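Please read the structure below before turning to the comments.
The basis for the numbers below is simple: all heavy atoms, side chains too, and nothing from hydrogens, waters or symmetry mates. Everything quoted here is computed from the prediction, not taken from an experiment.
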Protein chains: 2
Amino acid sequence: MHKRATITDVAEKAGFSVATVSRFFADNGYPVSSDASKKIEKAARELDYTPNIVGRMLKTNSSRDIGVIIPTIRNPFYPDVLLGIEKSAASRGYQILLCNSMRDRETEIKYINSLYQKQVRGIILASAQNNLSYENLAGKGMHIVNLESDDSCGFCSGIDFDYRLGGRLLAGHLKDMNHERIAFITSPLTKKSRQDILEGIRSIYKDRVLTVIDNRETEDETGIYEYQMGMRMAGDILKSGKSITGIIAVNDMTGAGVIKGIMDLGLDVPGDISVAGFDNIDLSSMISPSLTTIDQPGFETGKLAANMIIDLIEGNEIKYDRLEPRLIIRASTGKAGGKYD
Amino acid sequence: MHKRATITDVAEKAGFSVATVSRFFADNGYPVSSDASKKIEKAARELDYTPNIVGRMLKTNSSRDIGVIIPTIRNPFYPDVLLGIEKSAASRGYQILLCNSMRDRETEIKYINSLYQKQVRGIILASAQNNLSYENLAGKGMHIVNLESDDSCGFCSGIDFDYRLGGRLLAGHLKDMNHERIAFITSPLTKKSRQDILEGIRSIYKDRVLTVIDNRETEDETGIYEYQMGMRMAGDILKSGKSITGIIAVNDMTGAGVIKGIMDLGLDVPGDISVAGFDNIDLSSMISPSLTTIDQPGFETGKLAANMIIDLIEGNEIKYDRLEPRLIIRASTGKAGGKYD
DNA sequence: CCCCTTACAGTAATCGTTTACTATAAGAGT
DNA sequence: ACTCTTATAGTAAACGATTACTGTAAGGGG
């Protein structure tokens, strides 16, 4: 294994100074004669030279990486987001550093610090716990885009998705189907989005919604925690004998688990219980019954987030469209008491 | 936004030389007096100093990033792998740079180059097309672990998963269920794994297996291509009137699509046609009928791959266990003609 | 013919670390 | 008392790029 060629090697071989070689590769306006260009190009090719990004970064202090922190890549909503991010990022010459926080606060902080040390100038957070303090980062030139704009983080930019309306749409749908009492199954209300969905539901059902909050938060690395949580909690509710005919899950993955949990008890969805999710991940149309849900376009969200963080980094003006929640009615919801029609 | 503190700032504030500060943070054997340690620690804290990885990398030429290239993160098998990689990597102080090739050769090459420029010393490839030439990289100190050991890449290390045996197990299972003629649905045989699965199947079915190869390869960014491919091709086969009673799909995602495609035509799985997949992703037990498949432990594979690449980078000896394929029988396979029993 | 501008190239400082050397002082061993 | 280690600290040269300056030659306008 021989050493990598450096800009100096190329300069020597081509018979020009490193400055000229640097300019040739920078390809910004600075003029380089065609004679020089030809010789440098040739030398670089023969030496198999390609610029060392690290050297460049040290000097220019401009990383072209953006950090992305998500709870877990096993919930397919996040791969969607990630692809959107990658798409926008790639087209603007940025690459992503992926971090799975596994919903663990300490891991999240560790990753944020590590990104900071790597001179990353922008982080997209999809994992943020409320009140996690980033103040110190802000002052140090770090930009943050929070996928769910969180009031508690004053200087974070956010993609504004109307979770509240999402919750309202779902609740309205169930109400239309004559469901009198419903349950909302969720992980802890430590994220604004979850609180908002609940608020939306309450705006319709007032106190006739049973909120069932899971007590555990940290993700396991094996198995899909949300799915299992859905199964477990659906079972708990049904066995508790509460008069519930509809369940809204905080996301599709949980919703899929809820359906499974209900069916495992020998009951029918939606005959006995209607179930709805949130996100509209691909899975929701693959399972049966297919899942009624709110479409939250992950890919689009990702694209938006990436463009936003890059605009922040590059000091451009930012101004984007909102993404609107859309109700997707599928087979998992039906009239209350529908089985006995 | 004020400037980040550098090692020099800390040195001045603490009243020691940068060398000592550097040693304090390096925390390798070099002795630093407790007096110095205390003062440096204090100064660093007050200045909110944290080492600049870029500066360090330039000097030490040792990136602690490893590149991971996968076809698409939308097939949940890869998130599993990725989590495994992240787990091992994190525990050894490495971080991952994620790249989705979208099964596009050019994108793959672009990413590889970009990783090389970033001084990454090791890449885990899950995307490799056969014959993609990495020779030039090898000579430049880049290590490569190919998730499917590919003979055509002499110097790549690989995780040895016995795809052939996997194919054999599935075929054997169908044979046991009296299926006379089956089909194998796959994307192009440009990966060794796919060829091996087919070989395994053929070792049992000889020429009584219809191999249906999809012609498109590049991934779309929206929708899960493999799922749609499965749907489409299942439809094609059935409409062609071939006397097939069992279908093996190249992976679970495709298999899920196959089941959907069959059911959309009003047929029953496994009553009319048995279907099997490969991978054992979570999805395969969530759909109905649940999918018979081969368990390929993605998480374990990822852990192995990460340890391997890091051992290669650090010059350690490498020696690992093989992962064995395991047949998982679920509801999507049954006796040939089972519907009419 | 003189002045100005433009094209082009080189010199050398700089980015934030690490580390090979060099240096000093305190014990340890004889 | 002399040599050998060991602990501790500093000096200064890298690492591979970028870029502010400086300089030169050619061409244009007057």
Side-chain angles (χ1 to χ4, degrees), chain A residues 2-41 43-44 47-65 114 116-121 140-141, chain B residues 2-41 43-44 47-65 114 116-121 140-141:
Chain A
H2 56 263
K3 276 177 60 68
R4 288 175 64 129
T6 73
I7 199 173
T8 316
D9 302 328
V10 176
E12 273 168 18
K13 180 144 191 166
F16 285 86
S17 72
V18 292
T20 303
V21 177
S22 173
R23 285 169 191 138
F24 171 76
F25 282 103
D27 196 27
N28 50 15
Y30 204 101
V32 176
S33 70
S34 72
D35 174 51
S37 295
K38 242 175 284 175
K39 290 186 178 143
I40 292 171
E41 200 275 324
L47 291 170
D48 205 5
Y49 167 79
T50 167
N52 182 328
I53 301 290
V54 176
R56 174 179 300 169
M57 262 176 64
L58 179 57
K59 180 62 190 173
T60 63
N61 190 26
S62 74
S63 158
R64 291 189 85 78
D65 291 332
S114 150
Y116 175 66
Q117 288 193 79
K118 286 195 178 153
Q119 311 303 109
V120 164
R121 304 258 314 277
K140 297 192 259 180
Chain B
H2 56 262
K3 276 177 62 66
R4 288 175 64 129
T6 74
I7 200 174
T8 315
D9 302 328
V10 176
E12 273 168 17
K13 181 146 190 164
F16 285 86
S17 73
V18 292
T20 303
V21 177
S22 173
R23 286 169 189 136
F24 171 77
F25 281 102
D27 196 27
N28 49 15
Y30 203 101
V32 176
S33 71
S34 72
D35 173 50
S37 294
K38 241 175 285 175
K39 288 185 180 146
I40 291 171
E41 200 275 324
L47 292 170
D48 204 5
Y49 168 79
T50 169
N52 181 329
I53 301 290
V54 176
R56 174 179 300 169
M57 262 175 64
L58 179 57
K59 182 63 191 171
T60 63
N61 191 28
S62 74
S63 158
R64 291 190 86 78
D65 291 333
S114 149
Y116 175 67
Q117 289 194 87
K118 286 195 179 154
Q119 312 302 108
V120 164
R121 305 258 314 279
K140 298 192 259 179

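Both B:S22 and A:G55 lie near DNA chain C, and the one whose nearest nucleotide falls closer to the 5' end is A:G55. Between A:V18 and B:R23, the residue anchored closer to the 5' end of DNA chain D is B:R23, taking for each the nucleotide with the nearest heavy atom.
Remark: A:S17 pairs with A:T20 by the side chain to side chain donor-acceptor pair (under 3.5 Å) rule, at least two apart or across chains.
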Please write out the pairs of protein N or O atoms and N or O atoms of nucleotides 4-8 of chain C separated by less than 3.5 Å, giving the distance to one decimal.
none

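If you measure from atom CZ of B:F25 to atom C1' of C:dT17, you get 12 Å, rounded to the nearest angstrom. As rounded to whole Å, 18 Å separates atom P of C:dA9 from atom CD of A:E12. The separation between B:F24 atom CZ and C:dT18 atom C1' is 17 Å, rounded to whole Å. Atom CG of B:L58 and atom P of C:dG16 are 12 Å apart (whole Å). We find that CD of B:Q119 is positioned 16 Å from C1' of C:dT18, with the value rounded to whole Å. Spacing between atom NZ of B:K59 and atom C1' of C:dG16 amounts to 12 Å, rounded to whole angstrom units.
Cation-pi geometry between B:K39 and B:F16 is not met at under 6.0 angstrom from the ring centre and within 45 degrees of the axis.
Counting non-hydrogen atoms under 4.0 angstrom, A:Y49 reaches the backbone sugars and phosphates but no base. Note on A:N52: only backbone sugar-phosphate atoms sit closer than 4.0 angstrom, heavy atoms only; bases stay farther off.
Under a 3.5 Å cut-off, the side chain of A:S22 and the backbone N or O of A:V18 do not form any donor-acceptor pair.
Side-chain nitrogen and oxygen atoms of A:S17 include at least one within less than 4.0 Å of the OP1 or OP2 phosphate oxygen of C:dG10.
Protein chain B touches strand DNA chain D; the 5'-most and 3'-most nucleotides with an atom under 4.0 angstrom of its non-hydrogen atoms are D:dA7 to D:dG16.
Considering only heavy atoms from C-beta on, A:Y116 comes within 4.5 Å of B:T50 through its side chain.
In this structure, CD1 in A:I40 is found 10.5 Å from OH in A:Y49, a value given to the nearest 0.5 Å. Once rounded to the nearest 0.5 Å, the distance linking CG of A:D65 with CG of B:D65 reads 8.0 Å.
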(request) Output, in order, the C-alpha distance, side-chain angles, deciding distance and verdict of side chain to side chain contact (heavy atoms under 4.5 Å, CB included) for B:K13 and B:L47. (result) CA-CA 9 Å; B:K13 181 146 190 164; B:L47 292 170; 3.9 Å; yes

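The minimum heavy-atom distance linking B:V54 with A:L58 is given by the pair CG1-N, 3.6 Å.
No side-chain donor from either of A:S63 and A:Q119 sits under 3.5 Å from a side-chain acceptor of the other.
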